[in-house]
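Just below is one structure, and these are the notes that go with it.
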Amino acid sequence: MSTLFYPIITFVLIAICISYWAVTAVFLATSGEAVYKVMANKSHCQYAGTVCTPETFNTTNVTRLCPGAQCTFALYGGESFYYQYILIFQLCNVFVFLWLVNFSIALGQCTLAGAFASYYWAFKKPADIPACPLFSSFGRAIRYHTGSLAFGSLILALVQFIRIILEYLDHKLKASQNSFAKFLLCCLKCCFWCLEKFIKFINRNAYIMIAIYGKNFCTSAKDAFFLLMRNVVRVAVLDKVTDFLLFLGKILVAGSVGVLAFFFFTRKIPVITDEAPALNYYWVPLLTVIIGSYLIAHGFFSVYAMCVDTLFLCFLEDLERHDGSAEKPYFMNKTLMKILNKRNVVAKPQ
């Protein structure tokens with residue numbers, strides 16, 4: 001049950017990544033030299049908008065020719081070699097941010113997969129389940145699988161970074177009349193969106209195989225892909241059913257919280273009427289509560305989604321590697337054996 005609280009760790013890691021990116025972006029944006037310009041009425045002052053120096057501004061002819069003109073701060077800039085490449089540094093900062101966020105998510109997926117796999121591959125449940133499976137899985141992921149997680153996160157970050165560049169180009173070309181360029185850009189955006197979804201799917205299952213067998217990323221991704229392709233019908237059915245049920249769960253949580261928030265803000269709950277704030281327009285806080293509760297529910301329901309995917313891959317591996325004989329018994333629980341009409345052969349004592 002401790003796995004239900006792991007999304008809190010992922011949230012903290014992502015919050016640290018966002019803070020690091022924001023602070024770095026601010027430092028980069030303000031790292032140039034302060035540029036001051038003359039602020040005056042442009043129609044009456046020929047010096048309006050020109051660069052000035054605050055220390056010597058009052059001694060120049062500008063104050064005499066342009067009454068009321070001031071030398072005020074305009075921006076951080078300069079002609080230095082460093083500032084000419086400030087945009088490149090900002091792009092590198094964005095790319096590092098995407099990489100760190102994807103790594104934090106990958107670490108959580110691999111940790112949860114290791115914990116759930118340790119349950120499945122325990123032959124006698126719960127006697128053979130190791131102590132502190134979540135903590136042990138987190139330690140293994142940090143100690144042995146950091147490189148694989150970083151490599152998978154790097155691939156995904158590259159695709160996301162290209163998508164951001166395409167969105168920027170699309171924004172710049174909105175006023176353009178070149179229909180072919182717009183069509184080509186739309187096709188590229190669609191292709192990279194599909195590629196990102198595919199890589200997320202491959203990475204997720206690769207992390208599960210890494211948690212189970214401890215192999216490198218490429219080998220795990222290949223094994224997971226071909227294992228799923230050999231059971232493509234089961235994958236399609238389970239994926240859609242799971243997504244639908246988890247979506248219903250998120251909607252139920254968000255809807256329930258929204259109804260309670262509505263009665264709270266409209267003071268229709270007699271017990272806490274005095275504590276409820278008097279609001280003239282309660283839709284903004286109500287929508288904030290609903291959206292926030294949906295995002296929180298999404299974080300915690302992702303644990304169930306990871307559990308389903310991990311147990312499903314373990315189940316497929318179990319069916320391919322074992323036949324229920326005394327030498328190769330199934331590791332699935334008795335309920336699943338009954339559903340599939342499978343059973344283990346009990347070895348007769350000699």
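Side chain of Glu196 to backbone of Leu156: no donor-acceptor contact under 3.5 angstrom is found. With Asn102 contributing its side chain and Leu98 its backbone, the two residues share a donor-acceptor pair below 3.5 Å. Put simply, the side chain of Trp99 gets close to the backbone of Ala150: a donor and an acceptor are under 3.5 Å apart. A side-chain donor-acceptor contact under 3.5 Å links Ser153 to the backbone of Leu149. For the pair Ser293 (side chain) and Ile290 (backbone), a donor-acceptor distance under 3.5 Å is present. Side-chain atoms of Thr310 never come within 3.5 Å of backbone atoms of Cys307 as a donor-acceptor pair (strictly under, hydrogens ignored). With hydrogens and angles disregarded, no donor-acceptor distance shorter than 3.5 Å links the side chain of Asn205 to the backbone of Ala224. The backbone N or O of Phe57 sits less than 3.5 Å from a side-chain atom of Thr60, completing a donor-acceptor pair.
Within 6.0 Å of OH in Tyr144 there are 12 or fewer heavy atoms belonging to other residues, nucleotides or ligands. Residue Phe95 places its CZ atom among more than 12 non-hydrogen atoms of other residues, nucleotides or ligands, all under 6.0 Å distant. Heavy-atom neighbours of Tyr304 OH from other residues, nucleotides or ligands within 6.0 Å: at or below the threshold of 12. In Lys37, the NZ atom is not crowded: 12 or fewer heavy atoms of neighbouring residues, nucleotides or ligands sit closer than 6.0 Å. Residue-environment remark: CD (Gln70) stays at or below the threshold of 12 foreign heavy atoms within 6.0 Å. More than 12 heavy atoms of other residues, nucleotides or ligands shown are found within 6.0 angstrom of CH2 on Trp121. Around atom CZ of Phe161, more than 12 heavy atoms belonging to other residues, nucleotides or ligands sit under 6.0 Å away. For NZ of Lys182, the number of neighbouring non-hydrogen atoms (other residues, nucleotides, ligands) closer than 6.0 Å is greater than 12.
Follow the hydrophobic side-chain contacts under 4.5 Å out from Phe226 and you reach Phe217 in the same cluster. Under the 4.5 Å side-chain heavy-atom criterion for grouping Ile, Leu, Val, Met, Phe, Trp and Tyr, Ile142 is connected to Ile105 within one hydrophobic cluster. Under a hydrophobic-cluster definition in which Ile, Leu, Val, Met, Phe, Trp and Tyr are linked whenever side-chain heavy atoms come within less than 4.5 Å, directly or via other members, Phe301 and Ile291 are assigned to different clusters. Clustering ILVMFWY residues whenever any of their side-chain heavy atoms sit less than 4.5 angstrom apart, transitively, puts Leu195 in the very cluster that holds Leu169. Leu13 and Tyr20 end up in different hydrophobic clusters when Ile, Leu, Val, Met, Phe, Trp and Tyr side chains are linked at under 4.5 Å.
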Kindly indicate, with the supporting measurements, whether the criterion side-chain contact (heavy atoms from CB on, under 4.5 Å) is fulfilled by Phe116 and Asp309.
-> CA-CA 10 Å; Phe116 296 131; Asp309 291 343; over 6 Å; no
Does the side-chain contact (heavy atoms from CB on, under 4.5 Å) test come out yes or no for Leu228 and Leu316, once each step is laid out?
-> CA-CA 8 Å; Leu228 294 173; Leu316 296 179; 4.2 Å; yes
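Nearest approach of Asn216 to Ile210, heavy atoms of both residues: O-CG1, 4.3 Å. Between His145 and Cys110, the closest heavy-atom pair is CD2-SG, 4.2 Å. Considering every non-hydrogen atom in both Tyr207 and Ala113, the closest pair reads O-CB, 4.5 Å. Between Met306 and Arg204 the shortest heavy-atom distance is N-NH2, 3.2 Å. Considering every non-hydrogen atom in both Ile202 and Ala221, the closest pair reads CG2-CB, 3.9 Å. Looking at every heavy atom in both residues, Val289 comes nearest to Ala261 through CG1-CB, 3.9 Å.
Here the CG-CZ distance, from Asn333 to Phe123, works out to 12.0 Å after rounding to the nearest 0.5 Å. A distance of 13.5 Å separates NZ of Lys172 from CG of Leu185, quoted to the nearest 0.5 Å. In this structure, Thr111 OG1 and Tyr6 OH are separated by 4.0 Å, a value rounded to the nearest 0.5 Å. Taking CH2 from Trp21 and CG from Leu100, the interatomic distance works out to 13.0 Å, rounded to the nearest 0.5 Å. Interatomic distance, OH of Tyr168 versus CG of Leu91, reported as 9.0 Å (0.5 Å rounding). In this structure, CG in Leu245 is found 6.5 Å from CG in Leu248, a value given to the nearest 0.5 Å.
Between the side chains of Asn203 and Gln109, no donor N or O sits under 3.5 Å from an acceptor N or O. Judged by distance alone, the side chains of Tyr213 and Glu317 do bring a donor and an acceptor atom under 3.5 Å apart. With hydrogens and angles left out, the side-chain atoms of Asp323 and Ser325 include a donor and acceptor closer than 3.5 Å.
Residues Glu320 and Asn231 form a side-chain contact, since some pair of their non-hydrogen atoms from C-beta on lies under 4.5 Å apart. Side-chain contact between Tyr120 and Ile212 is absent, with no heavy-atom pair separated by less than 4.5 Å. At least one side-chain heavy atom of Lys200 sits under 4.5 Å from a side-chain heavy atom of Gln160. Using a 4.5 Å cut-off on side-chain heavy atoms (C-beta onward), Phe89 and Thr24 make no contact. A 4.5 Å side-chain heavy-atom check between Phe103 and Cys17 finds every atom pair outside the cut-off. Between Thr72 and Val38 there is no side-chain heavy-atom pair separated by less than 4.5 Å. Between Phe264 and Leu286 there is no side-chain heavy-atom pair separated by less than 4.5 Å.
Using the six-membered ring where Trp is involved, Phe73 and Tyr36 have ring planes that are perpendicular, over 60° apart on the 30 and 60° scheme. Classified by interplanar angle (parallel below 30°, tilted 30° to 60°, perpendicular above 60°), the ring pair His322/Phe331 is tilted.
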